Asks: 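The structure's right below; bear with me while I get my questions together.
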Protein chains: 2
Amino acid sequence: MAEQIHTAHLEALLGYNTRRAALHIIGAFMHNMAPFNLRPAEFSVLSLIRHNPGITSRQLCAALSILPPNLVVILKQFEKRKLIARKPHPTDGRAIGLSLTAQGEALMAEAEAVSAASDLSATQSLTATERKTLTRLLQKIYLQA
Amino acid sequence: MAEQIHTAHLEALLGYNTRRAALHIIGAFMHNMAPFNLRPAEFSVLSLIRHNPGITSRQLCAALSILPPNLVVILKQFEKRKLIARKPHPTDGRAIGLSLTAQGEALMAEAEAVSAASDLSATQSLTATERKTLTRLLQKIYLQA
DNA sequence: TATTGTTATACTCTATAACTATA
DNA sequence: TATAGTTATAGAGTATAACAATA
């Protein structure tokens with residue numbers, strides 16, 4: 001019962017290690033973002049809108065691998081919270097350009113600072129160089145193919 | 001509309017990068033494991049039972065961060081598929097020791113080979129050295145604290 | 001005909017409360 | 001009283017099908 005469990009075989013898999021590390025970092029993220037009432041997907045949507053004013057739903061879905069029906073729910077809540085504004089797209093009558101309200105901008109200025117601090121805190125066992133190396137290798141995986 | 005979306009701010013977050021990479025690798029894993037009818041959590045449970053015969057539910061939950069009620073469902077299906085056997089624990093009457101049946105052993109011998117191949121294929125943009133470095137850094141994150 | 005945004009809905013994953021039997 | 005295992009259920013997260021408006 002008090003025996004040591006052998007996990008070496010699982011720990012040889014990059015899928016297992018990546019998932020465990022992601023859960024660790026994102027767990028801290030969710031805890032630190034709770035005061036802002038933002039979950040990971042919601043934060044990333046607002047962040048992309050902030051740095052790409054006028055972005056459309058379709059572009060958000062493509063960039064974040066979110067399915068359109070699920071984004072609709074997120075944007076609806078943001079509008080209710082007065083964090084985003086919808087403006088007709090200049091050239092495409094079907095599309096709608098998204099941008100942050102002053103309130104959304106204020107929220108995200110704080111939230112992005114907290115997210116960076118949370119990231120550092122959750123990976124404080126790494127040196128700055130190791131963080132940079134890790135970032136490069138992870139992006140090599142999902143930005144290829 | 002055809003504008004380039006700026007994702008630099010998100011890509012500076014380790015949480016974002018780790019999650020995207022995990023989704024990439026685990027997507028391949030699920031695709032390759034479909035013939036075995038094993039999803040990620042199910043595979044890891046069977047793998048731990050295989051390399052730790054006699055392991056208990058509680059030990060599985062602790063090692064894999066699975067909540068007991070969710071493990072019950074998984075084990076019930078495994079028993080229906082005749083992949084695992086339950087034997088009373090030698091010293092603790094409350095606990096039950098888990099082990100693979102011959103059928104479960106045969107399935108996992110194949111499944112673990114496929115999982116390793118899937119892992120390599122999903123990270124083929126990395127060199128062997130980079131994979132080793134990545135594994136070390138990821139484990140440093142979630143095995144600490 | 002293809003695409004943007006939307007609705008409704010289903011399925012999976014994860015989490016909580018409460019129970020039983022053994023320690 | 002504490003722990004191992006279980007039941008039932010609720011909540012997120014993710015997925016598919018089908019539609020209206022515009023290109």
Side-chain angles (χ1 to χ4, degrees), chain A residues 1-3 5 15 19-20 22-24 26-27 29-31 33-34 37-45 49 54-80 84-98, chain B residues 1-3 5 15-16 19-20 22-24 26-27 29-31 33-34 37-45 49 52 54-80 84-98:
Chain A
M1 185 84 81
E3 292 165 30
I5 300 304
R19 178 140 201 277
R20 293 300 297 253
L23 289 177
H24 177 89
I26 291 170
F29 181 93
M30 290 194 290
H31 177 261
M33 280 296 155
N37 195 18
L38 290 179
R39 280 163 297 186
E42 295 168 342
F43 171 87
S44 59
V45 166
I49 295 176
I55 193 173
T56 67
S57 290
R58 183 53 76 166
Q59 288 175 312
L60 280 171
C61 286
L64 296 172
S65 296
I66 295 178
L67 293 173
N70 300 326
L71 182 62
V72 169
V73 180
I74 293 176
L75 294 181
K76 199 176 289 180
Q77 291 178 334
F78 286 160
E79 211 168 21
K80 200 176 293 176
I84 63 168
R86 298 168 126 118
K87 298 169 192 169
H89 192 278
T91 63
D92 189 335
R94 298 167 301 181
I96 299 169
L98 302 166
Chain B
M1 185 86 82
E3 293 165 27
I5 301 303
Y16 178 80
R19 177 140 202 276
R20 294 299 298 250
L23 289 176
H24 178 88
I26 290 170
F29 180 93
M30 290 194 289
H31 179 260
M33 280 297 156
N37 195 18
L38 290 179
R39 282 163 294 184
E42 297 168 341
F43 171 87
S44 58
V45 166
I49 296 175
N52 301 272
I55 192 172
T56 67
S57 290
R58 182 55 72 165
Q59 289 175 312
L60 280 171
C61 286
L64 295 173
S65 295
I66 297 177
L67 293 172
N70 299 324
L71 182 62
V72 168
V73 179
I74 294 176
L75 294 180
K76 199 177 287 182
Q77 290 178 334
F78 286 160
E79 210 169 19
K80 201 176 291 176
I84 63 167
R86 298 168 127 117
K87 298 169 190 168
H89 193 278
T91 64
D92 189 335
R94 299 167 300 182
I96 299 169
L98 302 167

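Quick caveat: nothing in here was measured; it's all calculated off a predicted structure. A, B, ... follow the sequence lines: proteins, then strands. Residue 1 opens every chain.
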Asks: With sequence neighbours left out, what residues match A:R39 under side chain to side chain donor-acceptor pair (under 3.5 Å)?
Replies: A:E42
Asks: State, yes or no, whether a side-chain contact exists between B:L60 and B:N52 at a heavy-atom distance under 4.5 Å.
Replies: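 When only atoms from C-beta onward are counted, B:N52 and B:L60 do not touch, as no gap falls below 4.5 Å.
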Asks: Applying the side-chain contact (heavy atoms from CB on, under 4.5 Å) test to A:S44, which of A:I49, A:L64, A:L38 qualifies?
Replies: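 Of all the options given, the one that passes is A:L64.
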Asks: OP1 or OP2 of C:dT6 sitting under 4.0 Å from any side-chain N/O of A:R86?
Replies: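 So the side-chain polar atoms of A:R86 do come within 4.0 Å of the phosphate oxygens OP1 or OP2 of C:dT6, strictly under.
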Asks: If the condition is side chain to side chain donor-acceptor pair (under 3.5 Å), which residues does B:Q77 pass it with, not counting sequence neighbours?
Replies: none
Asks: Indicate, yes or no, whether a donor-acceptor pair under 3.5 Å links the base of D:dT3 to the side chain of B:R94.
Replies: yes
Asks: Taking the side chain of B:R19 as its heavy atoms from C-beta onward, which of C:dG5, D:dT14, D:dA4 lies nearest to it?
Replies: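 Selected nucleotide (nearest to the side chain): D:dT14.
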Asks: Is any side-chain nitrogen or oxygen of A:R39 closer than 4.0 Å to OP1 or OP2 of D:dG13?
Replies: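 Yes, A:R39 has a side-chain N/O under 4.0 Å of OP1/OP2 on D:dG13.
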Asks: Pick the nucleotide of DNA chain D nearest each of A:E42 and A:G93; which residue has the one closer to the 5' end?
Replies: A:E42
Asks: Looking at residues 66-78 of chain B, who's got a heavy atom less than 4.0 Å off DNA chain D?
Replies: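 Contacting residues: B:P68, B:P69, B:V72, B:K76.
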Asks: CG/A:L98 to CZ/A:R86 distance, rounded to the nearest 0.5 angstrom?
Replies: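 The CZ atom of A:R86 is 6.5 Å from CG of A:L98, to the nearest 0.5 Å.
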Asks: Using heavy atoms to find the nearest nucleotide of DNA chain C for A:S57 and A:L23 separately, return the residue whose nucleotide is more 5′.
Replies: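 The residue mapped nearer the 5' terminus is A:S57.
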